[in-house]
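Below, each value reflects all heavy atoms present in this structure, side chains not excepted, and no hydrogens, waters or symmetry copies.
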Amino acid sequence: MKYYVYILFSKRNGTLYCGMTNNLERRMQEHKHKINDGFTAKYNVNKLGYYEEFSDAISAIERGKQIKDVSRKAKIKLIEKNNPEWKDLSDFV
């Protein structure tokens with residue numbers, strides 16, 4: 001099974017959200033269609049800016065905690081390193 005840690009954004013340099021899932025495609029559909037009430041639905045945070053893939057849940061959880069604990073600036077750096085144009089990567093998942 002695969003696990004994913006991801007960063008969503010509302011717009012370039014907008015609101016950010018960090019999450020983890022074992023099905024990135026399904027989870028992105030949930031965010032885009034606002035299936036769950038909550039932060040991402042309220043602030044329209046539904047564009048995939050960055051993600052990492054893991055083969056075990058423990059590694060994904062640890063990495064997710066690391067990303068959540070870093071500054072906003074560091075999160076933006078992660079996005080811009082591999083996605084400098086802030087494209088919605090969910091189109092490629």
**OP:** May I ask you to say whether Lys32 pairs ionically with Asp88, meaning some side-chain N is under 4.0 Å from a carboxylate O?
**Re:** yes

query: Tell me, do Tyr4 and Asn22 make a side-chain contact under 4.5 Å, heavy atoms counted?
result: no

### Message
Do Ile58 and Val5 land in one hydrophobic cluster if side-chain heavy atoms of ILVMFWY residues count as linked below 4.5 Å?
### Response
no

OG of Ser90 to CD of Gln29, rounded to nearest 0.5 Å, is 7.5 Å

Margin query: Do Tyr3 and Glu53 have side chains that approach each other closer than 4.5 Å (heavy atoms only, starting at C-beta)?
Written below: no

Practice task
Name the orientation class of the two ring planes belonging to Tyr6 and Tyr17 (parallel below 30°, tilted from 30 to 60°, perpendicular beyond 60°).
Solution key: tilted

With Leu24 as partner, the option from Met20, Arg26, Met28 fulfilling side chain to side chain contact (heavy atoms under 4.5 Å, CB included) is Met28

Value for CD1 (Ile79) from NZ (Lys87), rounded to nearest 0.5 Å, stands at 15.0 Å

With His31 as partner, the option from Asn46, Thr40, Asn36 fulfilling side chain to side chain donor-acceptor pair (under 3.5 Å) is Thr40

Report task. Please report the C-alpha distance between Ile76 and Trp86 in whole Å, then the side-chain angles of each, then the deciding distance to 0.1 Å, and finally whether the side-chain contact (heavy atoms from CB on, under 4.5 Å) criterion is met. Result -> CA-CA 10 Å; Ile76 289 172; Trp86 289 71; 3.9 Å; yes

Under a 3.5 Å threshold, yes or no: a donor from one side chain and an acceptor from the other, between Gln66 and Arg63? yes

**OP:** May I ask whether Val45 and Tyr51 are part of the same hydrophobic cluster, defined by side-chain heavy atoms of I, L, V, M, F, W, Y residues being less than 4.5 angstrom apart, directly or through others?
**Re:** yes

Practice item. Answer yes or no: is there an ion pair linking Arg27 with Glu30, defined by an N-O contact shorter than 4.0 Å? Key: yes

So do Lys75 and Cys18 actually touch side chain to side chain, heavy atoms under 4.5 Å? yes

- request: Would you check if the side chain of Asn44 reaches a backbone N or O of Ser10 as a donor-acceptor pair within less than 3.5 Å?
  value: no

Subject >> Ile67 side chain reached by Leu78 side chain, heavy atoms, under 4.5 Å >> reply: yes

- May I ask you to check whether over 12 heavy atoms, not counting those of Phe39, lie within 6.0 Å of atom CZ? yes

Those residues at least two apart in sequence (or on a different chain) that pass side-chain contact (heavy atoms from CB on, under 4.5 Å) with Ala41 are Lys34

Is it the case that over 12 heavy atoms from other parts of the model lie below 6.0 angstrom from the CG atom of Asp37?
no

For residues Thr21 and Asn23, is any side-chain donor paired with an opposing acceptor at under 3.5 Å? no

Can you tell if the side chain of Leu8 reaches within under 4.5 Å of the side chain of Thr15, non-hydrogen atoms only? no

Rounded to the nearest 0.5 angstrom, the NZ-CD1 distance for Lys47 and Ile7 is 15.5 Å

For Tyr50, the side chain to side chain donor-acceptor pair (under 3.5 Å) test, sequence neighbours excluded, returns Glu52

